[in-house]
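Scroll down for the structure; my scribbles are underneath it.
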Number of protein chains: 2
Amino acid sequence: MAKALVRSGDEVLVSNFGLADRLDKWVSLTPAERATLSRLEERPRAIRRGTVLMDEQRRGEELFVVQQGMLMCYVLLDDGSRQIVRFLFPGDLFALSALIYGRSPDTVVAVSNAVVCPFDRSQIGVLATDHPRLLSLILVLNQIERVITTDRLAGLGRTSARARVATLLLSLRGQMRQAGMAVGASFAPGLTQEEMGDAIGLTAVHVNRMLRQLEDEALIKREGGRVHLLDEAQLVREARYIDRFEGLDLSWLPPGR
Amino acid sequence: MAKALVRSGDEVLVSNFGLADRLDKWVSLTPAERATLSRLEERPRAIRRGTVLMDEQRRGEELFVVQQGMLMCYVLLDDGSRQIVRFLFPGDLFALSALIYGRSPDTVVAVSNAVVCPFDRSQIGVLATDHPRLLSLILVLNQIERVITTDRLAGLGRTSARARVATLLLSLRGQMRQAGMAVGASFAPGLTQEEMGDAIGLTAVHVNRMLRQLEDEALIKREGGRVHLLDEAQLVREARYIDRFEGLDLSWLPPGR
DNA sequence: CGGGTAATTGAAACGCGTCAACCATCGTGG
DNA sequence: CCACGATGGTTGACGCGTTTCAATTACCCG
């Protein structure tokens with residue numbers, strides 16, 4: 001049984017879950033496609049919590065697939081504040097921006113112990129030529145992320161602290177599910193309240209107050225780093241949460257090779 | 001010479017500027033690629049300011065290229081507030097999300113009179129198979145947009161109203177330049193202050209105050225809907241603005257066909 | 001058991017929103 | 001051609017949500 005992310009623990013988690021596993025949920029990959037994808041994950045690299053994989057501004061010619069664990073991408077502002085722009089889970093592709101800009105626009109750090117697989121960006125060119133469907137699927141992944149980022153943008157710009165906290169909880173759980181992590185009635189966000197705040201544009205103090213409020217109103221329950229979503233329907237309503245991994249239409253994809 | 005966007009005017013503007021013109025700045029397109037792209041823009045459609053091209057939640061099987069004018073994508077929240085998530089200019093591709101979800105996650109409206117070209121999403125499949133470099137370039141465009149959205153996310157989450165207004169001005173001008181619109185010492189944002197506010201998570205009232213502040217401090221000057229950026233260096237510094245269309249590295253692209 | 005990090009809670013300050021009034025501009029119709 | 005109405009811009013007063021500062025408690029790891 002998969003041991004969920006436990007921030008404090010040092011144990012390595014779960015069985016591997018790579019890009020192929022993610023895409024497999026959407027299309028049946030051909031043997032050749034599967035082989036090509038596995039080539040991207042030939043060089044797994046275990047990293048410890050806190051490892052910085054990519055500095056803002058540093059040159060990087062490599063892209064990565066996450067196989068295990070949880071990472072985050074953030075930007076530091078001049079005044080020292082931090083905005084976390086994205087959390088990464090198994091099956092996620094990252095540093096695609098290094099593909100395009102020489103240097104990364106953000107910093108990537110492991111939030112838990114993790115396993116990532118670097119591969120050279122020239123592989124993307126190969127993918128484009130040899131496996132049009134795979135590149136299309138990467139475009140799909142990208143598009144989903146863009147929509148999710150857009151949802152977050154609307155959240156930051158126009159919703160209350162309370163709604164943002166609710167959204168964060170729901171979307172973390174959603175991503176974990178997507179990444180094949182066992183998520184039942186409760187789950188462990190694996191983040192400090194400060195990290196949560198940095199993800200949704202709040203201070204740790206206020207995150208705390210909102211969590212307490214949600215708990216006092218019996219919408220959630222917290223114990224030992226785990227969160228139970230007691231009244232999920234109400235949370236979804238308040239958060240205006242939409243699962244962007246659902247309801248995909250991929251009928252337009254070219255055939256696999 | 002190109003007449004810039006004038007929101008109040010009804011005249012149609014500028015010469016056409018499509019996807020091919022955008023991509024041409026980055027690579028030299030082959031004749032076949034150029035032909036394929038022009039097929040996407042076979043059915044130009046002139047629309048008037050205020051036209052709604054895509055309702056939130058409505059089904060749409062079509063993607064679009066902008067050829068002229070300015071559009072915006074927004075989301076409406078339950079309380080009636082609006083978050084503008086993106087502005088579109090000539091050469092931009094949009095409704096890519098309709099490619100993936102049956103329905104659009106946002107609404108698209110023409111901010112000025114405009115010309116857009118709808119094409120069927122099956123074209124993307126064709127592109128993937130026949131023109132790997134073009135699909136890769138679309139991935140690049142997507143990636144740029146994602147990074148820009150990310151920048152905006154950081155802005156909304158962690159910067160002051162003043163910095164957000166400065167950022168908006170700089171990025172609007174940047175996008176206009178990218179779209180081949182004549183932009184000199186001054187430019188016309190072509191937005192109401194309410195629209196500006198909805199783009200950066202502020203009220204129209206506060207946008208107004210910030211504009212006044214910037215003007216009082218001689219960072220900008222306003223006259224008749226046009227804005228002069230008087231002290232661009234200082235604005236860039238305060239806004240922490242980064243031009244994401246610059247410094248691209250496309251050496252990894254597959255060859256054109 | 002001790003030290004450090006995270007969580008929690010209260011009090012006060014502040015940035016931005018809200019409400020409201022007034023002004024400027026512009027397209028329209030008499 | 002002027003008057004009108006509508007839309008957008010401008011400014012002030014006030015309130016509220018969130019931040020900031022500070023102090024205390026809980027928890028985990030060595």
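Every chain is numbered from 1, with letters handed out A, B, ... down the list of sequences.
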* Return the angle between end axes of the helix from C/dC1-D/dG30 to C/dG30-D/dC1, with five pairs used per end and rounding to 10°. => 40°

* Asked: Taking everything shown except B/E194 itself, do over 12 heavy atoms lie less than 6.0 Å from its CD?
  -> no

* Structure fact -> In whole angstroms, the gap separating P of C/dC19 from CD of B/E194 amounts to 14 Å

* Tell me, yes or no, whether the heavy-atom count around A/R222 atom CZ, taken from other residues, nucleotides or ligands under 6.0 Å, exceeds 12. => yes

* To do: Establish, from distance only, whether the side-chain atoms of B/R49 and B/S112 form a donor-acceptor pair under 3.5 Å.
  => no

* To do: May I have the distance from A/R49 (atom CZ) to C/dA6 (atom C1'), rounded to whole angstrom?
  => 12 Å

* **Sequence neighbours excluded, every pair satisfying salt bridge (charged side-chain N to carboxylate O under 4.0 Å, His left out) that has a member inside residues 66-80 of chain B** => A/R240-B/D78

* Asked: What pairs meet the salt bridge (charged side-chain N to carboxylate O under 4.0 Å, His left out) rule with one or both residues in residues 165-190 of chain B, with sequence neighbours excluded?
  -> B/R173-B/E232

* Asked: Taking CE from B/M196 and C1' from C/dG17, how many angstroms apart are they, rounded to a whole number?
  -> 19 Å

* **Side-chain (A/E238) to main-chain (A/A166) donor-acceptor, under 3.5 angstrom** => no

* Please list, by residue number, the residues of residues 199-215 of chain B whose heavy atoms come closer than 4.0 Å to an atom of DNA chain C; answer none if no residue qualifies. => B/G201, B/L202, B/T203, B/V205, B/H206, B/R209

* Asked: Does any N or O in the side chain of B/T51 come within less than 3.5 Å of the main-chain N or O of B/I47, such that one atom is a donor and the other an acceptor?
  -> no

* Asked: Taking A/R164 for the side chain and A/T159 for the main chain, is one N or O donor matched with an acceptor at less than 3.5 Å?
  -> yes

* **Under 3.5 Å side-chain donor-acceptor pair for B/Q68 and B/N16** => yes

* To do: Provide, to the nearest angstrom, the distance between the CG atom belonging to A/L191 and the C1' atom belonging to C/dT5.
  => 16 Å

* **Pairs meeting criterion ring pair (Phe, Tyr, Trp, His ring centres under 6.0 Å) with involvement of residues 63-87 of chain B, two or more places apart** => B/F64-B/F94

* To do: May I have the distance from B/Q193 (atom CD) to C/dG17 (atom P), rounded to whole angstrom?
  => 14 Å

* **Residue whose nearest DNA chain D nucleotide is more 5′ - A/G224 or A/S160** => A/S160

* To do: Pull out every residue in residues 163-172 of chain A that has a heavy atom closer than 4.0 Å to any atom of DNA chain C, ordered by number, or say none.
  => none

* B/D79 CG to D/dC16 C1', straight-line distance once rounded to whole Å -> 16 Å

* Whole Å only: how far is the CZ atom of A/R226 from the C1' atom of C/dA6? -> 19 Å

* Side-chain ion pair, A/R146 and B/E145, N-O less than 4.0 Å -> yes

* Tell me: CZ of B/R222 to C1' of D/dG8, nearest whole Å? -> 12 Å

